[in-house]
Amino acid sequence: MLHFISKHSSVLLIIATLAGLAWPQASLIVFPFLPYVLFFLMLFTLLGIEQKALLAELKLKKSWGYALLHSVVMTVFACSLGYFFGASNSLLISIAAVSATGSLFATPAIARSVGLNALTAMAMTIATTLLMPIVLYINLLLFQNDEFSLDIASYLMRLAIFIACPMAFSALVYHYVPRPTLTRIHSKLSQVTIILVFAFPFGLVGPLRGIFDTAPSLALHYIFISFGLCLLFFVASILFYLRQGKDIALLAAITSSNRNVLLTFTVAGAYLGPDFLLLLGALQLPTYALPLLVRWVNNYITTRYYSPQTGHSK
């Protein structure tokens with residue numbers, strides 16, 4: 001059963017999103033438990049990754065170069081387009097906040113589900129999360145007219161809970177548990193992590209149903225914006241990294257498109273404005289449709305630009 005769920009996770013993630021829309025009451029029940037799910041998701045993902053290799057990956061300039069692209073460059077792109085199309089100041093604040101947001105902690109599990117490197121995805125996720133408070137502060141300073149303050153203490157606490165604690169626990173496990181035992185449990189852990197991912201689209205999309213019931217045209221408006229943002233992040237990243245190889249380009253694209261908007265809302269609170277709450281729910285639809293898109297793009301690039309016999313570009 002676990003193998004079946006892991007194999008078809010791309011389709012099941014979309015089904016979980018639609019299920020949250022269909023049963024908003026159940027979605028709202030799940031919502032308060034998402035931080036706990038997030039913790040175990042990080043823990044199980046880290047247990048499947050060699051800690052020394054992860055730290056070595058984080059020391060590389062490419063991880064932090066990607067983090068700058070993910071946050072700073074995408075802020076410039078997205079907000080420039082928003083300004084060009086006449087977005088309100090409130091909407092520009094929301095777009096800037098989404099652009100500053102670090103990658104979703106579920107990204108390594110999603111990357112693994114489509115055959116990409118989970119270690120690199122984890123390094124990208126941690127780098128973008130660490131960079132987020134700085135870029136978010138600057139973005140709000142530029143777009144927010146009133147005085148504001150970020151709950152940095154809350155952010156640092158969550159950073160310790162969701163990154164430092166799982167890494168420390170994982171390091172202890174690697175130190176005391178024999179390597180053959182760890183090797184045996186890695187495959188099972190990867191299947192468990194992808195199951196935990198299902199809670200996010202189901203639990204976050206519920207409020208969007210309420211908007212559909214009261215103002216369907218407004219809900220469609222924000223769904224259109226959310227698809228546009230994810231498409232911008234996806235296409236810009238894949239074009240930027242395509243010369244470095246198909247896998248790294250797809251990994252950058254899916255990492256850039258997966259945004260941990262729930263953590264951003266927790267950190268910045270009311271200073272993000274009402275539009276951010278609408279985008280938070282709407283973003284679940286394109287975010288969890290991405291694995292299917294990545295599979296399609298992966299097959300297209302392989303067929304179009306790479307030789308099946310040699311694996312080299314044509």
What pair of heavy atoms forms the shortest contact from [X] to [Y], and how long is it?
X: Pro201; Y: Thr17; result: CB-OG1, 3.1 Å
X: Ala111; Y: Ala121; result: CB-CB, 4.0 Å
X: Leu69; Y: Ser237; result: CD2-OG, 4.4 Å
X: Thr75; Y: Ala96; result: OG1-O, 4.3 Å

Hey, could you give me the [atom1]/[atom2] distance between [X] and [Y], rounded to the nearest 0.5 Å?
X: Leu131; Y: Leu136; atom1: CG; atom2: CG; value: 10.5 Å
X: Leu13; Y: Gln284; atom1: CG; atom2: CD; value: 11.0 Å
X: Leu283; Y: Leu262; atom1: CG; atom2: CG; value: 12.0 Å
X: Arg259; Y: Thr264; atom1: CZ; atom2: OG1; value: 9.0 Å
X: Tyr288; Y: Phe202; atom1: OH; atom2: CZ; value: 13.5 Å
X: Ser99; Y: Leu229; atom1: OG; atom2: CG; value: 6.5 Å

Is any side-chain heavy atom of [Y] closer than 4.5 Å to one of [X]?
X: Leu68; Y: Val73; value: no
X: Tyr222; Y: Ile211; value: no
X: Thr287; Y: Val261; value: no
X: Phe233; Y: Phe77; value: no
X: Leu91; Y: Ile225; value: yes

Short side-chain donor-acceptor distance under 3.5 Å, Thr101 and Asn260: no
Under 3.5 Å side-chain donor-acceptor pair for Asn258 and Ser103: no
Residue pairs fulfilling salt bridge (charged side-chain N to carboxylate O under 4.0 Å, His left out) with at least one residue in residues 196-219, sequence neighbours excluded: Arg209-Asp213
N/O donor-acceptor pair under 3.5 Å between [X] side chain and [Y] backbone:
X: Thr255; Y: Leu251; value: yes
X: Ser226; Y: Ile223; value: yes
X: Ser27; Y: Gly206; value: yes
X: Trp64; Y: Met124; value: no
X: Thr107; Y: Leu104; value: yes
X: His70; Y: Gly65; value: no
X: Ser256; Y: Phe234; value: no
X: Asn89; Y: Phe143; value: yes
X: Ser63; Y: Glu57; value: yes

Passing candidate, side chain to side chain donor-acceptor pair (under 3.5 Å) with Asp275, options Ser88, Ser94, Ser90: Ser90
Leu12/Ile15 under side chain to side chain contact (heavy atoms under 4.5 Å, CB included): CA gap, chis, key distance, verdict: CA-CA 5 Å; Leu12 293 175; Ile15 294 176; 4.0 Å; yes
Residues which pass side-chain hydrogen bond (donor to acceptor under 3.5 Å, both in side chains) with Tyr83, listed by chain and number, not counting sequence neighbours: none
Whether Phe265 and Phe276 hold their rings parallel, tilted or perpendicular, with breakpoints at 30° and 60°: parallel
